[in-house]
Number of protein chains: 2
Amino acid sequence: MESLRDKCAIVGIGFTRFSSNSGVSVMNLALEACKKAIEDAGLTNRDVDAVLTYNMSDSVPATEVATGLGLSELNYHLDQWAGGNASSGIVITAAMAVATGMCKYAVCFRAMNGRSGFRMGGGGRGITEARGEDQFLAPYGWTSWAHSFAMFFRRHMHKYGTKAEQLGHIAVACRKHACLNERAMQRKPLTLEEYMQEPMRVDPFRKYDICLETDGACAVVVTTAERARDLRHRPVYIMGAGYGGGPLPNSYGLCTSAWLNWPDHTESYAKYIAPQLWGMAGVSPEDIDVAEVYDCFTGEVLIQLEDLGFCKKGEGGAFVEGGRIELGGELPVNTHGGHLSEAYIHGLNHVVEAVSQLRGDAGPRQVKDAELALTTGFGYTVGSAMILRR
Amino acid sequence: MESLRDKCAIVGIGFTRFSSNSGVSVMNLALEACKKAIEDAGLTNRDVDAVLTYNMSDSVPATEVATGLGLSELNYHLDQWAGGNASSGIVITAAMAVATGMCKYAVCFRAMNGRSGFRMGGGGRGITEARGEDQFLAPYGWTSWAHSFAMFFRRHMHKYGTKAEQLGHIAVACRKHACLNERAMQRKPLTLEEYMQEPMRVDPFRKYDICLETDGACAVVVTTAERARDLRHRPVYIMGAGYGGGPLPNSYGLCTSAWLNWPDHTESYAKYIAPQLWGMAGVSPEDIDVAEVYDCFTGEVLIQLEDLGFCKKGEGGAFVEGGRIELGGELPVNTHGGHLSEAYIHGLNHVVEAVSQLRGDAGPRQVKDAELALTTGFGYTVGSAMILRR
């Protein structure tokens, strides 16, 4: 096999209610999402023989979920210790496993009580539990990813003249889409004026630049293209895949020396995986009909669009203006509302939305005749992305 | 691709000194082992584009090691949160990644200051940090894996009449092999009488039934069979692979409800992955020349030999008698001394030894004309295994 291109497909999607207080355990959320994804595929739990997930010590292990689902056997599993960079990555690993015959049907999930339970980005544990280089940053208040990413995006504004209003266009587009998505947590319309009226939280990020915190779970089922043809829905094929980053790919901690040594803070992992991603798929950015781009903060959407070649480096600010990234525009981005307005399920909700779009099941937010979708998982120096096709 | 069979090879091995106090950081150990494995393959750090590891919050992330090695790009990485069950599993995942074209040369490592640093099996954290079902066991002194595995093996003795002396044969064989291995931590000859004279530590386990604690690291480099032909050493091909377990595969915590519900405590994961393992390789247990079997405790070697079909269930006690598992016997087991007498590098030292044997580089402990080797990683309900061939 020279590449994963079109060897595998996503055949089932599942998700729980997205809320600020689920009232149930993370295990409960994980099992509900997995069960729904398996049923959506037209399979039963006992057909599934692999379970994959990623988390940062805030969730339940794949093997415990396998037990909860009552699988008859387990032929592969993954508990990737990682953040959002792994969101397309675990789907890619599932594809690797089914493509090489290690397992037949793999369910990938992400479950978290991210609002009511462990709040990963909140910085609450930052000072008392800072490790490595972080311990020298925490006393100065640098305790969350928002602090790191805000300073990095300031560099983009300095170097390229990117404006606050341009970040605002991303927040407004996501909210506009969320208003058409009945499962979105935030559905109150948002104007650019309202965006700008908010005070700075972490300069240059205002309230609506920052992702939500969510209790919930998502899951997808992956199998070979051959098996996919016999299942309930039209398969969504994995056409291109990239999972990595550039030199000094350290992505743990809030801002390790590796981040500080990163060659250019206006660039991300996406620049480095782009050649493999597009090369494997054999398509170009202009072929993409809908892009579900990891949005921990607005600025990271803009940086990834540049790094993946949707526009030139430094031109992302202009690219997101004028409705281009809204439904009806040239490249609808985060048609579910993204992390900013749908829910924060660590990027796996972006994969679920891409599959809905390519199936033509996205209802009032459907991108007409969507054939190719992009999904990404962001981690600055390390990340993942897929090109999916119907 | 129908299976991974012969698609990939292990092309480099590396290891640090094994000691009870390394005097250096875990990062230092990881980098040394990886660098040696890469050099052993005839490659440079900049050729490598994937890093994989597994640990239980006691080691360094793959991405930080990628940064330390100065890789020019990272095209796959794995930080599997797992115990020894993943030791063959990460090598299998590396093979999946290179076989599907996600990356070219993958280095897999395990690094730990397991004696001087975090002591995972010691139980010292058991009472204060017990979670889930464990909190109900810890007050009664059930705080380590030794306690769990000892009781499970008692069941084997009860059901099949397995004797203490038979466990002793495993400890004695490992020590005999370690005496021929200059990097082994324990090289004082051990007799069956000396074994039996030790008092019970955790009935039925005496001192020499229990693995060492080690500061050290091991690493292996994996690439495609095609690329392997151009490298320094004769490739060691991955002929068969299995990574999973049976029903209720929960393997976290010391003894969760899943373990208690496990159908038969005289059986392990190995029973469930055996059909895929042998089926993929197209060989049988009698074809294996040398077996490097995960030995957290002696009893687990015996159980895996049964479950993988080297003898019938319940006959493992007789199987390990009479020198059969010693060098010169029918099936030499743990020719490096294993976890019991070489070092506890969480099963990756077993993979390193299998490669040495198949290259014919094992010196005084070489199994003559070894062509096929077995490696395993044990986790009771979940584990991994490979068939390697020269």
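In what follows, chains carry the letters A, B, and so on, assigned in the order in which the sequence lines appear, proteins first and then strands, with residues in each chain numbered from 1.
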Original post:
Under 6.0 Å from the NZ atom of Lys35(B), do we count more than 12 heavy atoms belonging to anything else shown?
Top reply: no
Original post:
Should we say atom NZ of Lys313(A) is surrounded by more than 12 heavy atoms from elsewhere, each under 6.0 Å from it?
Top reply: yes
Original post:
Would you say Thr100(B) and Ile92(A) make side-chain contact, with heavy atoms under 4.5 Å?
Top reply: no
Original post:
Which value, rounded to the nearest 0.5 Å, describes the distance between Thr381(B) atom OG1 and Leu74(A) atom CG?
Top reply: 9.0 Å
Subject >> Shortest non-hydrogen contact from Met102(B) toward Leu4(A) >> reply: SD-CD1, 3.9 Å
Subject >> Separation between CD1 of Ile273(B) and CD of Glu73(A), rounded to the nearest 0.5 Å >> reply: 11.0 Å
Original post:
Contact part of Thr93(A) toward chain B, heavy-atom cut-off under 4.5 Å: side chain, backbone, both or neither?
Top reply: both
Subject >> Partner of His77(B) by ring-ring contact (aromatic ring centres under 6.0 Å, His included), out of Tyr243(A), Tyr269(A), Trp81(A) >> reply: Tyr243(A)
**OP:** Considering non-hydrogen atoms only, spot the tightest contact between Gln80(B) and Asp79(A) and give its length.
**Re:** OE1-N, 2.6 Å
